[in-house]
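To keep things clear, I will list the structure first and then write my remarks on it.
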Amino acid sequence: MKKDKNDIYITINTKKGKENMHIDHFTRWMCLMEAIDVVDQKCVEWGKDIEEIDWVKPIAFQKYINERFHSMKHDVKTEVELGMFD
């Protein structure tokens, strides 16, 4: 993790090495991962195989990300402050 004035960058490991990702970019990815997890949980709840469903349209994912972004960013900042990211 690296801070530049008011900006926070989170270091992640990729196949190409370490990459610094701005907190907003990282937060949007976390929201997308959470949205996919919600779809997966619904599939389990309904007894459906995730491979057999017609996928949710991208606009639904975008709406979820937009609605969840600010609270997720707060969660990420809190985890940074607690030292959960290096």
Side-chain angles (χ1 to χ4, degrees):
M1 186 222 20
K2 155 177 121 169
K3 290 185 180 179
D4 291 333
K5 294 186 181 183
N6 294 328
D7 285 336
I8 298 172
Y9 291 87
I10 297 170
T11 303
I12 59 170
N13 294 321
T14 67
K15 291 180 181 180
K16 296 179 181 178
K18 293 188 179 208
E19 179 182 333
N20 289 322
M21 187 179 290
H22 190 270
I23 190 167
D24 290 345
H25 189 170
F26 181 81
T27 300
R28 292 187 75 72
W29 277 108
M30 294 300 296
C31 290
L32 177 61
M33 290 173 34
E34 186 177 78
I36 293 170
D37 188 50
V38 168
V39 170
D40 181 58
Q41 289 174 8
K42 285 296 180 184
C43 285
V44 169
E45 182 181 315
W46 296 335
K48 299 281 184 177
D49 182 359
I50 199 164
E51 299 294 327
E52 295 175 2
I53 66 166
D54 289 331
W55 267 91
V56 180
K57 296 186 187 302
I59 194 82
F61 282 112
Q62 186 63 51
K63 183 177 178 186
Y64 184 90
I65 291 168
N66 291 344
E67 290 179 2
R68 180 74 170 99
F69 177 79
H70 295 289
S71 58
M72 177 69 79
K73 186 173 179 181
H74 178 269
D75 294 346
V76 171
K77 279 184 178 179
T78 301
E79 290 180 8
V80 165
E81 291 170 1
L82 292 173
M84 300 180 117
F85 294 98
D86 293 331

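Worth knowing before you read on, the calculation uses all heavy atoms, side chains too, and leaves out hydrogens, waters and symmetry mates.
- Between His22 atom NE2 and Asp7 atom CG the span is 3.5 Å, to the nearest 0.5 Å.
- Between Glu67 atom CD and Gln62 atom CD the span is 10.5 Å, to the nearest 0.5 Å.
- Under the 4.5 Å side-chain heavy-atom criterion for ILVMFWY residues, no single connected hydrophobic cluster contains both Phe61 and Phe69.
- For the pair Ile8 and Lys73, the minimum side-chain heavy-atom distance is 4.5 Å or more.
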Exercise for the section: Kindly indicate, with the supporting measurements, whether the criterion side-chain contact (heavy atoms from CB on, under 4.5 Å) is fulfilled by Gln41 and Asp37. Expected result: CA-CA 6 Å; Gln41 289 174 8; Asp37 188 50; 2.9 Å; yes
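- When the side chains of ILVMFWY residues are joined at heavy-atom separations under 4.5 Å, either directly or via intervening members, Met33 and Val80 end up in a single hydrophobic cluster.
- Here the closest heavy-atom approach between residue Phe26 and residue Ile12 is recorded as CE1-CG2, 4.1 Å.
- Within 6.0 Å of atom NE2 in His74, 12 or fewer heavy atoms from other residues, nucleotides or ligands are found, so the atom counts as exposed in its surroundings.
- When side chains are defined from C-beta on, Arg28 counts as touching Asn66, because their heavy atoms get closer than 4.5 Å.
- Under the 4.5 Å side-chain heavy-atom criterion for ILVMFWY residues, a single connected hydrophobic cluster contains both Ile65 and Met72.
- Crowding of Leu82 atom CG: a count of heavy atoms from other residues, nucleotides or ligands under 6.0 Å exceeding 12.
- Val39 is connected to Trp29 through a chain of hydrophobic side-chain contacts under 4.5 Å among Ile, Leu, Val, Met, Phe, Trp and Tyr, so both are in one cluster.
- Tested against Glu19 for a side chain to side chain contact (heavy atoms under 4.5 Å, CB included), the candidates Thr14, Ile10, Thr11, Asn13 yield a single pass: Thr14.
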